Peer 1: 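Below is a structure I'd like to ask you about.
Every value quoted in this text rests on a predicted model; they were computed, and no experiment measured them. When a ligand or atom number is given, it counts from 1 through the structure's own listing order.
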Amino acid sequence: MFGRRQRETPMLRVFEFGVTAVLAIIATACSGSPKEDLSASLDPNSAPLAVVYDSYFPIGAAVMAGEYGVSFTSNYDETTLSQFNSFVGENCMKPGVIQPTKGNFVWSHADSLVAYAVDHGKTVRGHVLVWHSQTPNWMFASSGTQIERKEHARGEMLAHIDAVVGRYADSLYCWDVVNEAISDSSGGSVYRTESPWFSAYGDASYITDAFDYARAADPDALLYYNDYSVCDSGKRSRIVQMINDLDLKNHGLHGIGIQAHWNLQWPSVAEIQATIDTFHSMGLDVQITELDIDCYNNSSQTTEIPYASVESALTERYREIFECLRDNKDKISQVTLWGVADDHTWLDHMVGGVYDQDITRKNYPLLFDADRKPKKAFFAVRNF
Ligand code: G3I
């Protein structure tokens, strides 16, 4: 429907990027090492992130498409988007957004994102098929025996995945199939038992169904399990246990999505490295899928801090994180930031671990500021 999925950048885009890269190299040859050249350049577009990281991994960004009634195309300028070579809908492909009522699909926003990406030789990640949040209640029976409730949910899951994955089978290269199915606490169930999917099924077999249905709908798509706090050793162990207990690799699991909603202090580079190694050693691909840095370190303070007070710490944090990620380029297939710029971030409404749209506390988690200008953190990531 949208032309072939963009695993390889069409020749035109390769040519354009190549020209940019060659110009950067020529400029460098005349003026010293790439670092000196890039650090000398305050023009963020002299060498976009996607070009500089071409030999490491694609750099993606979560983008708005339809939120607050704002269309994707009207919200972003080409210059800003040129920094990235992959996109993911922040909300537009979530179950409750794309199929708010049974059989009523809202394709327009996801379609506009996919059409732009295909037209510009960029890839698209699908987010998300099965999740406990932003999933409409009609997908679950409100009464009935456990078997009846399971069969109802199973039927709705199959129909949803068939429709959504099937529509974009030629244009999306990967999917977050299941999101956040693991318990945050140790000592109890491995699984998030309060998930409506777990409740409807009565067990975790909804997870294997989701991967089976996604694989059937698009056998070429790369399928990921996506979660947060994956660098927490206890949660990491529970995710490993799920993968092994459910034999998820034999249900199509290709890799792990480490959301990476990190902060200025946690996790350490050592914990990031241990996490990457854990899943790589299982033969799984690793992606950083939702990277942003909470400048309040998950605190519940309500008073806003000025960006100037955290700029240095944020800059150093991004530097050390991307140094670690570059060192693991053979284990990581993509790094996606959870947003383009600080003008729109979910973290403005995340205070002390509680997400509330009605509360705003300005945060500064991304590489571009609220005016979409590059921050020092951008140059720390680009000018390595
Ligand atoms: O678009 C509507 C707007 O029209 C309406 O006026 C407004 C007020 O209700 O709501 C707007 O939609 C909100 C949307 O964000 C746009 O900002 C939704 O209500 C709100 O639920 C939604 O929050 C999203 C959140 O997931 C939901 O849990 C965030 O944008 C999104 O960044 C966040 O992303 C999640 C990942 O999907 C999974 N990993 C964690 C990550 C952060 O929570």
Peer 1: How is the hydrophobic cluster of Val106 composed, in terms of its other members, when Ile, Leu, Val, Met, Phe, Trp and Tyr link through side-chain heavy atoms under 4.5 Å apart, directly or indirectly?
Peer 2: none
Peer 1: Parallel, tilted or perpendicular: which one describes the rings of Tyr168 and Trp107, with boundaries at 30° and 60°?
Peer 2: perpendicular
Peer 1: Is the centre of the Trp346 ring less than 6.0 Å from the centre of the His261 ring?
Peer 2: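 Judged by ring-centre distance (under 6.0 Å), Trp346 and His261 do meet the cut-off.
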Peer 1: In this structure, is the centre-to-centre distance between the rings of Tyr53 and Phe384 below 6.0 Å?
Peer 2: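 Yes, the ring of Phe384 comes within the 6.0 Å limit of the ring of Tyr53, centre to centre.
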Peer 1: Between Tyr228 and Lys235, is there a cation-pi geometry (under 6.0 Å to ring centre, at most 45° from the normal)?
Peer 2: yes
Peer 1: Show me, by chain and number, every protein residue that has a heavy-atom distance under 4.0 Å to ligand 1.
Peer 2: Glu67, Tyr68, Glu90, Asn91, Lys94, His127, Trp131, Ser133, Gln134, Asn179, Glu180, Gln259, His261, Glu290, Trp338, His344, Trp346, Tyr355, Gln357
Peer 1: For the residue pair Arg125 and Trp175, would you count it as a cation-pi contact if the rule is NZ or CZ under 6.0 angstrom from the ring centre and within 45 degrees of the ring axis?
Peer 2: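 Pair Arg125/Trp175 does not count as cation-pi.
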